Structure formats: structure tokens, C-alpha cells
> 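Here you go, one structure.
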Amino acid sequence: MSKQEAPIIHQPIRESFGRLDKSAKLDQLRRFNISLTTYGLTEPELRDVFEQIRDLGFTPVRFYEVLRAVAWLMRREHIPMPAGRKNKQARGKTVEEILGRMRFKKGDGNELRIHVRLQDGTDQDIIADSVRYEDQLTTDIQQLEGDSMVLGKVLQWIKDFAKQETQLAIEENNPTQIPVNGPRILFQGINVVNNVNMKKKADHAITTMKHGAIRFGVLREVVRQGQIERRRRELATALAKGEIIMVPKFRLVNWPKDALMSHAREQVAAAVDEYIQKNNILCDPQDLKYQTLFRLTTYEVSDVFVNGSQLNNYLRDHSAYVDWRNILNLDAQFIQQFRINPKILAATIEEQYLIIKQRLQNSSLPVERILTRTGMFAEPGWVIQKRGNAIFAVQEEGVTATAGLVPLAFREINPEFAKQFHQDLHYIHTPRADIAFGLYIVGEDLPFSVLALEKIDRPYKQNVLLIQGYNPCYCYDLTRLYSRPGAPGNTSSSMFSLTFNHIKNNYPEIQAVVSAFMPSYATGISMISGGFDNPVLIKPLVHVFEERMIDGRNTWEHVTKRRQQESRGRRIRNKFPLLPTIELMSSLQSPRYAPFPEAKDFMIEII
């Protein structure tokens, strides 16, 4: 029986917010509570926040007012509060007894009033009587708020109330203090310094206090959380029914290896290096090697290798064309007997160099400066080290020495600048960048390594992230990383580490980053050591080439799926059996939602 894949994996998480009618949006509001944290707001701004929240039908629950009610009852009935560390439990019991006599009652205008049962059995609204204690209450509340036992009891009382109601807007000092069945929203004053911890914990931060912006921001976030909640239920149902294909995660002990392509890669690398040296050409050897390897896969195995029919029969006998898992069991020693046909290899290198040559001639970058190996890029043994807050390149023999250090600078760069590098020099040649970073030798104007991130836009990736417990609205693809020839050996893993540290300090809302890796062509060690240690998805690896005419010669250029959408030329695709592409995830913070049980040991297979 053939595998069947649940269509839900490829469906967008939500409809466009603008397409939902008013009744659909209001229906979402009725099902949720929201958490509100304010930071650096003026008193008029604070009043406006709660006014717009009430306009949406939410009832504010003010944490401060609960503390005020506790302090008021203690004053009115002369209830002593046991002091000292030894009386911590006694204080907790006293607060519990006070809270047990309190309850919320809705008043006019979507307001909650706290009513207290007095010793004489009557019910008292504290607002009507608290004015006479105003001076003392301010001091009392400060003392109560500074007591962890009192604070914990009050928070629990509000939590218990929130479980019974919906459409509450619960005020918090810090997001996540009180679990709510809806979004956590941070209102931050425009003139205050970013609070990284608050932004990290919040689902959405609103910094503009323009009229209507608060109302719109809250409404959109509630609708988004409702759609995410619905999709998570749908995904859980599909998983329970076995409609989503799950396979055990790759671990270091069973990391996938492709004996056929590893053998081909060694031969191609040697031939490309010889071609570059013999013809004294300017290009990135990695680019030419990958383009040659990709292009070779579009031929029949029997044509690419000398005595290739024997190798092709071996692959068919072992069902390597039927299921990628069978590639893992191929005999490397048997495969190493076969050599690539030198005529086909030479012609393929020549063809792919023509494409690269034309691309470099049309580039606006100073390609000669980038691709010519000078200084440390012409010497072996350099590595990148971080020492305190500084970054250096050092030679491995002198990693503890202070002499001969090359100071480096890592910084955020213009995404359009990164796209130039990745368009012309990265072997995929399809730039994608919303945020970008560069690593420089101090004093130089060109980075020697350029990394780009882009917001997740593929539905299947968004759904996989939901299964892992993350909000895909705050997750990114690490789309491209290019390092110039001769860059220090650990440049890739260093760029990952430096990028993640920068994100945590400057983009605290970003929850996770994913990136693709092709095990048929590389080991993935730099990705794993750089933090991409969680395989979450595998998908078929397909190479597509499109016909191009260059200098009157027919050539075939590798084109990604995104580039295929822009052109309509004649195409060919790979015929070699290849291992699937792996999507690896790096978690930058704890999951927003509970990960599905399957997320720990399994990854999704796209077929």
C-alpha cells in the first residue's frame, strides 16, 4: 500500500485576517482571555489601553486591585499579618482566608468590582469604603507586593477565577505569571528601552498608542491565536489517525550517509580543483563543485560511470530508486570501484563554468576581491574564536597566543546587500533575506561571510513548527550562508552561534530558526555544532535544470522551485537516487505551546 499524506500539512494555518467578517472576529473574542502587561506607559496611555480593551468586550482584571482589596480588609478588620521568615506559612494561611472572603462582581461598563464578606456577614464593595484608608493602603500594598508568599496566593486566586470565565483581560507584571487560554500581549511605551525578557515571553508587543491601534492589535492577535489553536487540534487529529507520516528522528549514531554521492563528490572535487588550476579561472570552487554534482544527477547512473550498467543494476537490486531508506544500506566498498566517465565529467564542468562565468561577469559585486585568496584566506589552519566580547581569527597552532590575532566584527547588514552575495555567489543562487548578518575583518568594507534569515512562508513548515510547540509567526528560515573561499574552517558554526546570540538580544520575539540540509552532499557537522540539533522534517530532494543559451551554446542551469515560478523554459530533473532534504530546527526559547508527544522522537516525512 502506497503512503498517503494528509493534505493538512500543506494547508495555510489561517485565512487572511482582512477576509474574516466582523461576526467571525467577534466570535473569536468570546472564547478567550488575554494577558496584558504594560511597560513604561504613562497614566493617560494606561487608561486608553483599558478603554479600548473594554470596547472589544473584555473585562479588565487588575492585579493591583486585588492587592488593594487584601490591604483594605486587613485595615478595616485589624487583621494582623504574621511577620518574619519563620511565619511564612502562617502568612500564606492568613492571605488564603482573606481571599476566601472575596469575589468579583461585574459592574457597569465592563468593570469588575471586588466584593468582600465582612465579619458581620454583610457584602461590601471595597471601592465605597477604601477612600478613608487611602494614605495607609499605598504603603500596605507595597509591602504585600514584595512578599513572595502573598504574591503567590494572590496570583493563584486570579488563576482560579480565570479558569471559570472568558473575555477577561488579566493584568500581569510579567507575561506568563497567569496562564490564560489566549494571547499574552505586551504594551510598551514608545520612549522606553526594550525589555528583552518581557518581549520574549509575550505573543505580541504593541508599541504605538495611536487611537484604534490597540483595539486592532489585540483583535488581530486574538484571531491569530484562535486560528493557531484550531490548526493544532486539526494536526493532533491527523496524527492520531495516522494521516501524517512520522519517521524516527535521525541521531548522530544513525546520521544518514549516501555512499554513492560521497564517492561522486570526491571525484568531482578533485576534477574541479584541477580544472580551476589548469585554466587559471576565477570562481568559487564550492559553487562549481555543487553545480557539477547536481547536473550529473540528471543523467542515468549507467551513463555517468564507467561500467555504469553494473552499478545501476546494483542500485535497482537494492531498491535504491524505490525508497530512500535503501540508500543507507548500500555497500560503500562496492560503489568505490566505479569511476565517473571522464568525458562526461569534463563536459559537465565546462558547461557549469560557462553559467558561473556569465553570472560573475554580470555581478555588481567586486568578485575579484572576494574570490581571490589573499592574507589569511590563502593560508590553512585558521579558526574563529570568541574571547570575552571580542571575536578573532587565529591559527590553530597559536590558539592561546595573543600575537597574530586578526580582529573580526559581526554585525547586522542590509538584506539587499546580502541578496547580492547570495544571488551571485551562493550555490543555490536564489536569494532570500528579511534579516541579514555579515562577518568582517575589522577595517574592511566587505564581509567574508554573509548569512540571511527570512520569515517562514511555507505552510508545511508552519504546521511542523506548531507540532513542535512554536508559533510560526515568530520563527524564521536560515535561508542562505555564504563564506568566501579560504574562510576559517569553523566559519559556518561561528556564524550560527553569533547570529543566535544577536537574535536573543535584539529580536527576543523570535522563538526558533529552521534550516535545510542535504545529507547526500555534506555531513551536516557544522550545522549540528552550530545549534541545529533537532531534525523536524524530511522532504524529497529534487534537482531541476532549465535550458539556457550562452554564447550560442546550449547549457542547463540549476533552478530552485522559487525560480521555476518565474520562467517557462525546457526542464530536466535528477535521475539519481538521493537522500531526502532534512529540515533542522534550533530552539531559541522554550516552546510557546505544549509540543505534541510525537515531536520528541519523530520527524514528519513529506512525500
Side-chain angles (χ1 to χ4, degrees), residues 258 260-269 271-272 275-276 281 283-305 308 311-312 315 320-321 324 327 340-363 419 422-432 458 479-480 482 516-522 539-582 606-607:
D258 189 330
L260 175 63
M261 294 311 298
S262 294
H263 181 52
R265 186 171 70 243
E266 291 174 1
Q267 296 177 68
V268 168
V272 166
Y275 178 83
I276 291 173
I281 62 174
C283 77
D284 189 322
Q286 283 291 95
D287 190 9
L288 185 52
K289 288 173 189 177
Y290 275 119
Q291 304 310 321
T292 302
L293 268 171
F294 296 166
R295 175 71 168 98
L296 286 173
T297 68
T298 64
Y299 295 99
E300 298 287 351
V301 169
S302 54
D303 294 332
V304 171
F305 292 88
L311 176 57
N312 190 50
L315 296 175
Y321 292 99
W324 63 264
I327 297 175
I340 297 177
N341 185 315
K343 290 185 178 179
I344 289 180
L345 181 53
T348 305
I349 293 173
E350 180 69 29
E351 174 196 67
Q352 293 304 306
Y353 173 64
L354 281 178
I355 297 169
I356 292 173
K357 179 182 177 182
Q358 185 185 67
R359 186 183 294 121
L360 294 179
Q361 286 174 342
N362 295 331
S363 176
K419 286 179 181 179
H422 294 152
Q423 171 69 45
D424 299 338
L425 301 171
H426 188 277
Y427 66 90
I428 297 297
H429 301 295
T430 308
R432 295 167 54 202
R458 297 300 198 201
T479 53
R480 304 287 180 259
Y482 175 78
F517 155 68
M518 297 182 291
S520 280
Y521 300 105
K539 60 185 181 183
L541 172 56
V542 179
H543 295 308
V544 175
F545 281 74
E546 198 165 83
E547 195 173 28
R548 298 275 188 271
M549 291 298 295
I550 298 179
D551 297 334
R553 177 176 170 178
N554 184 56
T555 64
W556 294 89
E557 181 183 2
H558 186 251
V559 289
T560 62
K561 188 173 291 186
R562 293 174 192 267
R563 289 181 66 193
Q564 293 167 35
Q565 298 167 356
E566 302 169 0
S567 57
R568 294 288 183 272
R570 194 158 65 98
R571 294 171 187 160
I572 55 177
R573 55 175 290 167
N574 62 287
K575 298 175 182 176
F576 275 39
L578 298 169
L579 290 175
T581 297
I582 306 173
I606 300 288
I607 57 174

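The shown structure was predicted, so the numbers you read here are calculated from the model rather than taken from an experiment.
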> Taking all atoms of both residues into account, what is the closest heavy-atom pair of E351 and W556, and its distance?
OE2-N, 3.3 Å
> Taking the side chain as everything from C-beta on, heavy atoms only, tell me whether V304 gets closer than 4.5 Å to T297.
no
> From I344 CD1 over to D303 CG, what is the distance, rounded to the nearest 0.5 angstrom?
5.5 Å
> Taking the side chain from R562 and the backbone from P431, do they hold a donor-acceptor pair closer than 3.5 Å?
no
> With a 3.5 Å distance limit and no angle check, can you tell me whether D284 reaches the backbone of L425 through a side-chain donor-acceptor pair?
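No, because the side chain of D284 does not come within donor-acceptor range (under 3.5 Å) of the backbone of L425.
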> Parallel, tilted or perpendicular, judged at 30° and 60°: which one describes the rings of F294 and Y290?
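F294 vs Y290 ring planes: tilted.
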> What's the shortest heavy-atom distance between L288 and I349, and which atoms?
CD1-O, 3.8 Å
> If you round to the nearest 0.5 Å, how far is NE2 of H426 from CD of Q286?
10.0 Å
> side-chain hydrogen bond (donor to acceptor under 3.5 Å, both in side chains) for S520 and D258? Distances and angles first, verdict last.
CA-CA 5 Å; S520 280; D258 189 330; 2.7 Å; yes
> So does G308 get a backbone contact from the side chain of N312, meaning a donor-acceptor N/O pair under 3.5 Å?
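Checked: no pair found.
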> Would you please name every residue forming a ring pair (Phe, Tyr, Trp, His ring centres under 6.0 Å) with H263, sequence neighbours left out?
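H263 satisfies ring pair (Phe, Tyr, Trp, His ring centres under 6.0 Å) with no residue once adjacent residues are dropped.
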> Keeping D551 on the side-chain end and R553 on the backbone end, is there a donor-acceptor pair under 3.5 Å?
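Checked: no pair found.
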> Got a sec, which residues hit ring pair (Phe, Tyr, Trp, His ring centres under 6.0 Å) with F545, two or more places apart in sequence or on another chain?
H558
> Measuring from Q358:CD to T555:OG1, what's the distance to the nearest 0.5 Å?
8.0 Å
> Does a side-chain heavy-atom distance below 4.5 Å link E557 with E546?
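Not in contact.
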> Please enumerate all residues that pass side chain to side chain donor-acceptor pair (under 3.5 Å) together with H429, with sequence neighbours excluded.
D287, R359
> After noting the C-alpha distance and the side-chain angles of Y353 and Q291, does the key distance pass the side-chain hydrogen bond (donor to acceptor under 3.5 Å, both in side chains) rule?
CA-CA 9 Å; Y353 173 64; Q291 304 310 321; over 6 Å; no
> F305 and L260: side-chain contact (heavy atoms from CB on, under 4.5 Å), yes or no, with the steps?
CA-CA 11 Å; F305 292 88; L260 175 63; 3.9 Å; yes
> Taking atom CG of L293 and atom CE of M518, what is their separation to the nearest 0.5 Å?
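The CG atom of L293 sits 9.5 Å away from the CE atom of M518.
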> So which atom in R548 and which in V559 form the shortest heavy-atom distance, rounded to 0.1 Å?
NH2-CG1, 3.7 Å
> Got more than 12 heavy atoms from elsewhere within 6.0 Å of NZ, K357?
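Incorrect, the count does not exceed 12.
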> Specify the closest pair of heavy atoms between F576 and M261, including all atoms of both residues, with the distance to one decimal.
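Here F576 and M261 meet closest at CD2-SD, 3.7 Å.
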> Can you name the nearest heavy-atom pair linking I340 to L296, along with the distance?
CD1-CD1, 4.1 Å
> Enter the distance from H543:NE2 to T298:OG1 here, rounded to the nearest 0.5 Å.
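One gets 9.5 Å once the value is rounded to the nearest 0.5 Å.
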> Decide yes or no for Y521 and L541: does some side-chain heavy atom of the first lie under 4.5 Å from some side-chain heavy atom of the second?
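Yes, close enough: below the 4.5 Å cut-off.
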> Report the C-alpha distance between T560 and R563 in whole Å, list the side-chain angles of each, state the deciding distance to 0.1 Å, and finish with yes or no for side-chain hydrogen bond (donor to acceptor under 3.5 Å, both in side chains).
CA-CA 5 Å; T560 62; R563 289 181 66 193; 5.4 Å; no
> With the side chain counted from C-beta on, respond yes when T479 and H422 share a heavy-atom pair under 4.5 Å apart, and no when they do not.
no
> Which heavy atom of Y321 sits nearest to which heavy atom of P577, and what is that distance?
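It is CE2-CD, 3.4 Å.
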> About how many Å separate OG1 of T348 and CG of N341, when rounded to the nearest 0.5 Å?
9.5 Å
